[in-house]
Structure formats: structure tokens, C-alpha cells
Amino acid sequence: SFICPARISRSQPFPLVLNPSVFPRAANGYVLLFDIIGGSDEKYLYEPVYPKGSARVKVTPGYKEEQCAPALTLEMKKPVDLEAPISCLQTLQEDLLVATADGYLHMLHWDSVSNGRRAVNLCTIPFSLDLQSSRGGPCLDLDGVHIRDMEYCTTLDGFAVVFDDGRLGFITPTANRLATDQLQGVWAADVSDGTCVAVNNKYRLMAFGCASGSVLVYMIDSSTGSMQLSHKLELTPKHYPDIWNKTGPVKMIRWSPDCSVVMVTWDCGGLSLWSVFGAHLICTLGEDFAYRSDGTKKEPLKISSMSWGVEGYHLWVIGSTDATPVPDGAEGDEKLQQAGILQFQFIKSALTVNPCTSNQEQVLLHGEDRLYLTCGDPTQAHSVPDKSPSRDSGGSPLRRPSASTPLSQGLSTLLGHKHWQVVQIHSTYLETNWPIRFAAIDWSGQCVAVAGRRGIAHYSLYTRKWKLFGNVTQEQNMTVTGGLTWWNDFVVVACYNFIDRQEELRLYVRSSNLDNAFASVTKLHADTLLLNVFRNVVILFRADCSICLYSIERRHNSPNPSASVELLQEVSMSRYIPHPGLVVSVTLTSVRTETGITLKAPQQACSAESILLNLAGQLIMLQRDRSGPQVREKDTPANQTKLLPFCPPVVLAQCVENVWTTCRSNRKKRHLMEALWLSCGEAGMKVWLPLFPRDHRKPHSFLSRRIMLPFHINIYPLTVLFEDALILGASNETVLFDGPGSSSLEALFPFCTVERTSQIYLHHILRQLLVRNLGEQALMLAQSCAMLPYFPHVLELMVHVVLEEEATSREPIPDPLLPTVAKFVTEFPLFLQTIVHCARKTEYALWNYLFAAVGNPKDLFEECLMAQDLDTAASYLIILQNMEVPAVSRQHATLLFNTALEQGKWDLCRHMIRFLKAIGSGESETPPSTPTTQEQSSTGGFEFFRNRSISLSQSADSIAGGKFNLQKTLSVPSGPGERWCKDSDSAENLYIDVMLWRHARHLLEQVRLRDLGCFSAQLGFELIGWLCRERMRVARVDDFVTALKCLHKDFLWPFPVIPACSINSPLKNGRCRPVLSSRLLKSQSADSLLNSDMDTTPPQVTTANHRWLDGLGAVSKELDSASSHGAPQTQEAFLSPLINKGEEYSIGSATDLTETSSMVDGDWTMVDENFSTLSLSQSELEHISMELANKGPRKSQVQLRYLLHVFMEAGCLEWCVLIGLILRDAGVIKQVVGFLDSPEVPSETVQSIRAGLIAVDLWASSDCLGYKPFLSLIRPQLLKLMEVPVEQVQPEAFQPAGASKLSEPPLLLLPRAEDARGAVASAHPLPLDGPAGANARPLDDTPQEEPEEEPLEEGSYDCTLS
């Protein structure tokens, strides 16, 4: 039942012990000893076979002993009868320890059994709680008690034992040699349910399994010798609510070969993996391990035995011999369960066996035949070529510009994806050197080196090639003992040379072949256990407990790249280290207790190295002793510089698994770069943070220069990104699958993958500093990281975590932290966003506690408005909606709505309209749901224009194909269109309408027509209907000159200038269209002016009876005759876009540069199809450019045309005149003057237009002569306007001439029938007089005229407003 190998030697047979359970007298406790006798040299059971021509042939001495499996024979010696059943066995160097059920402990010698055995009764061993208390004779409690399980700990020199009554103890010899009368023991207090034990020699830990299902991990206190509980390994109800207290007793505990993890199994089955100090990594009792894909629960696999494979890459598991059939009850299940052997494969971090990678910023995992890296695509990350001077300079990474910033920023960009870079280790190397024992990656993440049983190999991610030893003999004659690492482009290896039987330090350059001829070899005097590199210094820890420092320097005079190694210093640590195997890692660092300000010589700040030793989880620091006289570096020759001795060690922390520092520096992030980061298992992480005086002031005498801050994280840390304030790790993820063999053992387990993980830690550190009243340090640290992309999230997390803890605490908190955190967050511009985002991600019940600390949400809302941060203010509005009465919410929503209207935040405006409606409808708890249907009239006065075509110039025919869209097609599912639903009479809708009307009035008063158009289009405001109501109020124009100037500025429209060649136009022979100025030379008659009627009127529809123009009756005879004339000359007098045979020839105006429009959008031309053959003189070009300079951007022209039609339909004739002036469109002026004869036009409007035009004429004469030609052009209209009497003209005078044209008024664009119904639903029609009203068709008749407006001219534009 027990097999224990003793001393394993090649030269002589070795015995083993067998307690055979199959022998009849097994109950009596026989120990059978066997000699193992090796076969002859020629007789082997197995020999490796290599392919023909392979370099792996018999090239080394002792090849058969190394590579072949020998044939062995067993020879039984005399059995030993212990006269009692054996409970457990334990082997020692020279003895075999056997515990029997009668309470005795037997010690047998391996060599001479004939000398008899020694036995000790447990009752005679004195036990106490610690070794300092008096022994007081034998312990009578142990009468009838025997040892159930025990294991020997080499580094503690004693036995961890579990008694059959469940008590735990530790037995140690008082003298050097284990003797029966020199044993003493200590108890573990208050434990009585122990089941099994396993010891960790590297960390001097004893793990005891308990019947409760938890594992108690004890350490021996070095001062008192008592057993102290280090930590517990147990499943938590938070993560495993179904199984945490149902696992049954712990059955087995197994530490991995590298002592970094421990595997536990229970009586009920299942496996669980913990790190050495209790960080939980894997458990098969939950999630996908415990459930099938259909949701049914699996029976956990019960385990009878398990063992780790070589290097910890495999876990071998034998299923329990209990027949536990799988629930589906298929035949053969019991046999499968009985005979099952499972092998679990693991990958591990390179830090477990080669901790010299702790100063790198990549995650490196290795399995038995492959590597996993977190580096990105090497073709992008590889910024420095192999032979670049920065690499060959041999300087420290501080001097390499590519080492500080690009690496860190590159890693930040790689955090988003989950993919690993998997590198398969070369099969040729694995043939004879499996398994991989060490792996290391260089600082750039582009080169990897590995070491197996013999030799080394390295790989470049850039070239994707491995480099192996060309000479297999050289590979097989060395084995790596102390690890390997990278220094610049050299692989640094601590190895043993089998030929010279000598420990060596070797450096192989990456660019040369892997051969000893290119290696720098330094002979060492003792075995190397650990190795690390800091800048240009190699630190070695040796088996004699001494530390050696070597300097590395690149040789520049040698033909091949090489380096020289010199011994700098030796430090003996034998006084402080009881056993060399206890040292987990050794690191050289610039971290020190004093900061650079307190150093006597500032230049020593960068070279003031300290040594960090992880001694069995205890972090020890040795600093340079600067108490003596300081010598300035420039006063001593370089070759005579004597290094300072080290001070006695200081313990920094306990339970440390990994340590991270960096040799890079960043003056802007000194807190993070000069900190020391520790991974402490279940305790999370710790950071030893430097504290700096602010603005280089003298530090406080009471303030320590560093502080240790603990914080918890959710991932297992594998590396720290210092500048990015991130921790990277890896986790085991599972994928369920239904395989064909669902009854097999492996089908019990899901498919496992390794996922990359990362976590922000900055908020933990800031919080810890605030708890310790170090707010100034927290502020300096936060400000240095404020540029990180996730810094707003850091502030949110800090507020959220503190809020959750304090607001949900059942007991009162004497000194709450939330007010301090709130005050801290106010130091940053993101304060308002941070608070509201945190509140919206928190339960409503906690809001009162939050805002009691950070301030009233009404005040914060007003701060947002003052800071013009409307989106954040909208978020506060939701807070107010839940915390205040509806009246307060409405008040603040109104403020925000008005501000959003003023700033043109249309999306926010739409949300605010929905919000105000929700308040009115009583939905005060949650924001209103978005309606799914809308009435067709939802976009009001803008919709009528969307399906129209309007001309951009006088002639629609002259415009080539293509459409313009001046507005993004708007779909507003939750916009103000809901105002015209069934509840349109509600007070809320009226309240919203009043605010919209007020804003429209405000825009019109300030002559902001462009904003008015955007407002109407974006919010679906009924502009025409509103203008009809406001026609005689705010839609009046008081000062034509000021309004005209505002229009020029608003639409980026240039003031006109007089062309130099206006007296004599050079463009003749029909090659160019006549310009306006050439018309001005003639004496103008009324008839010739009347020929200026616009030929560009699009197809008209019949006017509906609610349009104000219906009451105008007839228009003048001049207007009638103008419509009957063709107007070719005037048509040619306007510029228009031209597209010639697919190509565009254009001359751009100066004002087009202000618009972000394309060539088609912004350029205009006056020339015809013969442009390509034209040769224009200088004066002709000047004339053309002058005409173009008088035009504004095309976008503004379309917007003005749109507004002209809006004002025309609303009857705001003063604005029509202004727009006609700025467009210099004589047809518009003529049309408006024609309307002024109508009795429907108030006399105030006539007088206003008359006075306004006179004022414009006076202003043009004095300030803007460019308007004079156009005013001369429209002089007949001005004269006619002067003749119009103030009293109204009787409509009968115009009735005969206008009756036939009533249904086709010039330049009137009316909406389609379905648009018209809603577009002007609120417009108030003027009373109709005379027969004119009789000709107006009812609304139902208008669809009959729709086909007239369907066909669009080829050059017409679908005009909408953006």
C-alpha cells in the first residue's frame, strides 16, 4: 500500500519499502525491503530512435545512461515486522520513518537493518503551544492516539503530523540528528478536525486538510517556534453558493514541483487550485465544470490519488475505485469510472521558476512545448532594427528613446483584444531537452529564450525563426541552473558546464549563431540558484547564500558583438538565510527608503541600488550604507570607484509571491515608476509608494518617505504596466461542448482556454492615500495620470466603491470617507460628470447619501449650465426627476431646454421635449417611452418644402442634373412632433409650444434667420403658421439697414462691389451671358423691367383657402403681361452652375473658402459650353471674378431661397424684400410690390417697406455703393411704391385681370395636400373679400393638382435645410 524510494543513485542499488496490502500478514505491519540491481551496460529496456541523418546521435559520453531506460531487477531482503498496522510512511536521507496504529513512531536505517530499529511512543514526546514554554514531562493526552498522516519538511527540519483524533502538530528534533529521546512538538491551537497534510519546502508552509472542507496553512514562528496560521484555502459562498459547505472533508493536498501552487481534492470529488498564499485560480465544482450545456448538474469526479508531473505541467489523477455510474445509466459506466486515469495539462507563468522577468511589462506563460505571450503584432511593434545604434550602444534603457514611451503606449493599445501570441517550441530542441524549465522575454517583447534539460534556444517574433545550437555537443554539455534573462540583445545564462565541471555565466548574442565561439564566458565559484539583470548589472544568488554583482559592458573593439563581465561586489547573506532553497527571487532595484532630495549627492540617485530578496515569502531589502563620508563621483577615476557596502536587511512585507520594479524612469509619473509592486496571494496586492514633497519643498520631518498600501484586485497579477496604471493577468475560461463519448471521463470536463485579463488599480491607491490623510500626495498622483484614457473611469470607481461600502453599512461609520473623496474629485474638471455617472449606476436608495456628501443636485445642475455642459446637465435632470417634486423638475428642464435651444443642441432639445411631456403626463418615475407612431404632420412647416424643387437661380432650365439636399433627412421618433397627437390640447403641449414660440421670436428679433431655419427644420417647428400669426408683431422689420447687414453676416454673404468694367462689358459674341451691369447702361422703362419676371417658377399647385394670398384678389396688369412675355434677356442675367459633358469648369468665389463644401457645392460659373475653347482677356477675367465675388456660398443661397418661400407663404413681405435685396433678385422685389396693391396687405407693411427701401438707398449711397446698380434696376418698382396711396385700393379694380391667374400666382410654393393639412393647421386665414374667395378650392380638391408638381426638371434641386 506504500512505496517509498530512498537515495537514488546510478552507481549502487537502492532499496525501497513496500507494505503490500495483498499479503496475508499485512495487518500485522510488515515492511519489505528490496534491493534494485541494475542490468549490464548493454541491456536496456528502451532506447531512443532518431531519424537517419539527425544531429541527435550518440555524441556525448554517458549517452546511454542519460537517454535509455535500463533493465532492473528486484531482490527482496529480510522483512521487518512492526507488529501493528502501518498508518503512514516517510523517507529521510538516512532513515525511514514508519507510524503504526499502536501509537509508535519507528525509525529504520536504510543501510543496516540488522542494527535493529528505534521506536518512540508518542506519549513520551513533550508537546506545547510553543517551544519557549516549559515542557513539564510527557503529554498524557496522546494515550491511544496514533499518527494518521505526516510529511517531513526539509527546510523546517521537522514533521508536520495529523493525529487520528484530528489534532495537528509539528515534531522537530532538539539536536542535529533525529533521535528517539530528542523530539519535541508544538500544537496547532483549537483545531481538531485534521485529515491530511502536505508541506511546502520552498516557502516553509504546512497545509493541513480539515473535515470542514477548508485547508489551514501554517508557518513556524521563528522567534517562539509556535505554529501560526498563515492563511486559509476555502471556497467562498460568494463564488460557490451551491457547494461551498458541501464538499466533505479534504482528501488530498499536493504542492506543485516548483512549490508555487497547491491542488486540493475532497471526499465528494472535484479539484481546486490555489497559489502559494491563497489566491484562488481554478475550481471544478462550479460553473461549466459542474453543469452540462442543457443545465443539468454533473456528478463531480471522485479522486483516489493524484500526483504532479515533471515541472508541474501535468496533473495525473486516478478516479475513485467506488463505482459511481454517470446519471444516464448507460452500460459500462461503472467500468469506465473504475479504470479512469486523467491527465490535466497546465501552463504556468515564467515567474514561478525564473523570476528575473519581473521587470518586464509582458505576460509570458509557458507549457511543456509552447509559449504564450501578450505582445502584439511584431511587424507593428518592432520599431528598431536588429543592428540599430540604439541597441548596440549598450546603454541603459533610460538612454534609449524607444524604451520609455512607445513600449508602454503600445501595450496600452493591445489591451483591447484577447488573443495570445502562441509560439511552438522547436521540435528538434524538444526531442532531447523536454521539458522546458526556464523561459525569458526581452524588454521589447520581441525575443524569447527557453532552456530545457540541456542547452538553450531563442526565438525572434520579428523573423519568426528559432536559433538552436549548431553543435549538439555544446548543447548537451551545459544545463541551465540559475535561470536566464536578456540584457539588450544578449541572452544571459547561469549554467553548469559538464566538461569542465564548472559553474559559468555565459552571454550569447542574439544576432550571431548560437555557438560557444560567440559566447562571453565567466567562471563562477559556486552553484548559481538565481539570476537577474538591472540596467548594466547582473546579480547572482549562489548556493553558499552569497550575492554577487557583475557589470556587463559591450566590447566595441571585437569583430563580433561581445560583452565583457567584471565582478563588482560580493555580499554574504549566510547570517540571514537559513537555507539557500528558501530564496524565491533576487532583484536589484533603484527603489530605496530615501528619495533623491535627501541624498547627499544628487548624482547618486540613479545608481543607489538596493537588493530585494524574497525569502520564503518574506520580502527583505538591503540598501547601500551611506552613513560614511560621501565621495563625489567626478573626483575618483572610473576604475577606482569603490562600491558602498550594504546595510543590514529590513523586512518590507510578508506573504509575497511576486515583486515588480522597473529600471525605466518618467519624471511626470514618479509615483508609479519608483514604486515597488507586490503580489500577496489572497491578500491582493501591495504597493510601496514614494511620497514626494510638493514643488520641491522641504519634506515634513514627521512624514515618512514611503508608504505601503494594500489593495484587493479581482485577477491574479502577472505583470504591472507602470505608466499605464494597469495590471495584466490571465485566467482559465471554459467552453461547454457535447462530445460523442459523453460517458467517458474526459467528457465530465469542459474545454478550457486561457484568457487575458487586465484591471485598473489607481482608484485603490488614491483611496488608501485619502484614508491616511495624504490628500496632497493623492492629488499629485492623480494629476500625473489625468491624461490616461480611463482616468474618468478611475474617479467614478473610487466614488462608487466608497459609496457602496458606506451607504450600505449596518453600523454607523465614525469617520466617513465619502466627503473626502467628493472634495478630492472636485479638483478635476470631470467632477460633475463623475458624480452624475456614478449616481446613475447606483441604486436610487443611495442617492441621498451621495448628494449629502457631494452637494445638492440642483446646485450641480446649475454649475453644469454655467459651464455650458448641457449633456451632463441632462443627466442631472434625471436625478432631479427622481428626487424632487415635478414642479422643480419642470423648472430645471425649462432652463435646460432654453439653453439647448440657444446653443442649437437639437438632439438634446428633442429629448427635453419628450422629458417635459413625461412630467406632464405623470410619468415621474421613469423617462417616457418612445411612441411608435406619429402623425404625418409631425415635422410641421418644414415638411412642405421637402418634396419641392426650388430654383437656385432665375432659370431652372440652366441647372444641370443632380439634386441638393440641404438637410439631413430627419426622423424624430421622440421629437416635438408628438405635440400634434391626440392630446394636443393638453397644458404640457401648450407649455412646450410657448417655449418654442418664445425662442423663435427671440431668433427673429435678433435677425438670426439661419438659426431660425435650422430650429424649424430640426424640431419640426411650424414656421409658416407661426409667422402668419406674428406677421404684424415680431415678424415686422423695424430697421432695414441693420437687418440687411445682419443677413450678410449670418449667411457669410459678401457685400456687393461695383465692377471696374461695368461701363463697357467685354464679353460679346454670345460667348458669355450678359451681366447685370451691362443692362444698367440702357434707360430702363417699366416695360423692360417687367420683362424681368422670373422664368424659374416651378410647377404651381392650386392655392388652398387658408393661404393669405387667396385674399389678394387680382394682381396688376404689369404682372400679368410680364407672365405672358418670355424673358430670355433677364434669364441670362443670372449666374448658374454648369456641368459640361460630365466635367465641371468653375471659378470659385472668395467666400466659398468659408464653407466646407465640394466643388459642385460652392463654385459658380458664367460661361457656356464653349468654355474649353475660350481665351479670355485680363479685363474679361476681372469682370467675371468681380461678378462671382458678389455671390455668397451656394449653401447660403439655397437657405436664403428656402426662407424666401417661407416668408412669402406666411405673408411677411418685409423679409421677402430684404432677402430679395441680398440675393439681388429684381423679380422678388417686383412680385412683392405687386402684392402691395392688395387690400389684404396692411398699410403699416406698405409704409414699412417704403421707408425701409428709402433707408437702404441712403445707406447704399454713403456706405455700400455696390448696391446702387441693383437699386437702379428696381427703380421703377420704387417709383411705383411711392405712388401707392396709404389707403387701401379697392380689389374690384384688379379683379378682371387677375381672375384667370388666381390659381397660379407667381413664385408661390404650396405644400402637397397631405403636408398642407398639418403644416398650417395653426395658421389663421385672413377674411376673404369678393369673388377671389369663391375661386379658392377646398382642401379636398388639391390632390387633383398634385401631378403638376411631380415631374422635376433635370436641373431642379430637392432642397432641404441642414
Side-chain angles (χ1 to χ4, degrees), residues 236-239 241 711-714 759-760 762-764 766-768 770-771 790-828 830-865 869-893 895-896 911-912 914-930:
T236 59
K238 178 181 177 182
H239 296 105
F711 58 93
H712 279 275
I713 54 173
N714 300 325
Q759 187 171 338
I760 302 169
L762 200 55
H763 59 288
H764 293 296
L766 296 176
R767 178 187 174 185
Q768 293 287 346
L770 293 177
V771 166
Y790 36 81
F791 183 72
H793 186 55
V794 168
L795 296 180
E796 276 183 50
L797 276 175
M798 183 166 63
V799 176
H800 182 78
V801 170
V802 175
L803 173 64
E804 289 279 342
E805 286 185 12
E806 295 186 359
T808 57
S809 174
R810 297 185 178 181
E811 299 178 1
I813 299 173
D815 188 15
L817 185 63
L818 189 60
T820 309
V821 171
K823 187 177 179 183
F824 174 79
V825 177
T826 56
E827 296 289 334
F828 297 93
L830 301 166
F831 162 67
L832 295 168
Q833 295 98 308
T834 301
I835 297 302
V836 75
H837 291 168
C838 179
R840 294 196 59 185
K841 297 171 187 173
T842 311
E843 295 179 50
Y844 168 70
L846 309 184
W847 284 4
N848 285 327
Y849 188 85
L850 172 64
F851 288 105
V854 302
N856 192 315
K858 290 188 282 189
D859 299 335
L860 300 178
F861 173 86
E862 290 168 8
E863 283 186 45
C864 293
L865 283 186
D869 188 357
L870 303 190
D871 293 327
T872 305
S875 297
Y876 276 105
L877 202 56
I878 297 175
I879 306 291
L880 289 171
Q881 182 191 13
N882 287 278
M883 297 184 69
E884 302 287 346
V885 296
V888 175
S889 301
R890 181 198 302 242
Q891 177 187 353
H892 287 81
L895 278 173
L896 180 58
H911 288 307
M912 293 311 304
R914 185 172 70 95
F915 185 85
L916 286 166
K917 287 175 64 69
I919 294 177
S921 59
E923 300 174 20
S924 57
E925 292 302 318
T926 57
S929 57
T930 302

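In this text, all values refer to a predicted model and were calculated from it rather than measured experimentally.
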Results of salt bridge (charged side-chain N to carboxylate O under 4.0 Å, His left out) for E804 - residues two or more places apart only: none
In chain order, what residues pass the salt bridge (charged side-chain N to carboxylate O under 4.0 Å, His left out) check against K238, with sequence neighbours excluded? none
Once side-chain hydrogen bond (donor to acceptor under 3.5 Å, both in side chains) is applied, what residue pairs with a partner in residues 870-880 remain, sequence neighbours excluded? D869-T872
Passes side chain to side chain contact (heavy atoms under 4.5 Å, CB included), E884 versus H892? Steps please. CA-CA 11 Å; E884 302 287 346; H892 287 81; over 6 Å; no
Rounded distance (nearest 0.5 Å) linking atom OG1 of T826 with atom CG of L832: 10.0 Å
Identify the two heavy atoms, one from T842 and one from W847, that lie closest to each other, and give their separation to 0.1 Å. O-NE1, 3.5 Å
Taking only residues two or more places apart in sequence or in another chain, which ones pass ring-ring contact (aromatic ring centres under 6.0 Å, His included) with F831? none
Residue from D859, I879, L846 passing side-chain contact (heavy atoms from CB on, under 4.5 Å) with F851: I879
Could you report the tightest heavy-atom contact between A822 and A853, atom names first, then the distance? CB-O, 4.0 Å
Minimal heavy-atom distance between L880 and K858, with the atoms involved, is CD2-CG, 3.4 Å
Is the ring pair F711/H764 parallel, tilted or perpendicular, if the boundaries are 30 and 60 degrees? parallel
Separation between CG of L762 and NE2 of H793, rounded to the nearest 0.5 Å: 11.5 Å
Who passes salt bridge (charged side-chain N to carboxylate O under 4.0 Å, His left out) against E806, sequence neighbours left out? none
Atom CG in L770, atom CE in M798: separation rounded to 0.5 Å? 6.0 Å
Would you check if F915 and I919 make a side-chain contact, meaning some heavy-atom pair closer than 4.5 Å? yes
Any chance you could measure H763, atom NE2, to Q768, atom CD, to the nearest 0.5 Å? 11.0 Å
Any side-chain heavy-atom pair from P857 and M883 closer than 4.5 angstrom? yes
Within this structure, what is the OH-CD1 distance for the pair Y790 and I760, rounded to the nearest 0.5 Å? 6.5 Å
Please assess V799 against L850 for the test side chain to side chain contact (heavy atoms under 4.5 Å, CB included), listing each intermediate value before the final yes or no. CA-CA 9 Å; V799 176; L850 172 64; 4.0 Å; yes
Do the non-hydrogen side-chain atoms of F861 and L896 ever get within less than 4.5 Å of each other? yes
Locate the shortest heavy-atom distance separating L795 from V825; write the atom from each residue and the value. CD1-CG1, 4.5 Å
Considering all heavy atoms, the nearest P812-P814 contact: O-CD, 3.5 Å
Looking at every non-hydrogen atom in both residues, tell me the closest pair between L860 and G855 and how far apart they are. CD1-O, 4.1 Å
Would you give the length of the straight line joining atom CG of L766 to atom CG of L797, rounded to the nearest 0.5 angstrom? 11.0 Å
Just to verify, what does E805 make a side-chain hydrogen bond (donor to acceptor under 3.5 Å, both in side chains) with, not counting sequence neighbours? R767
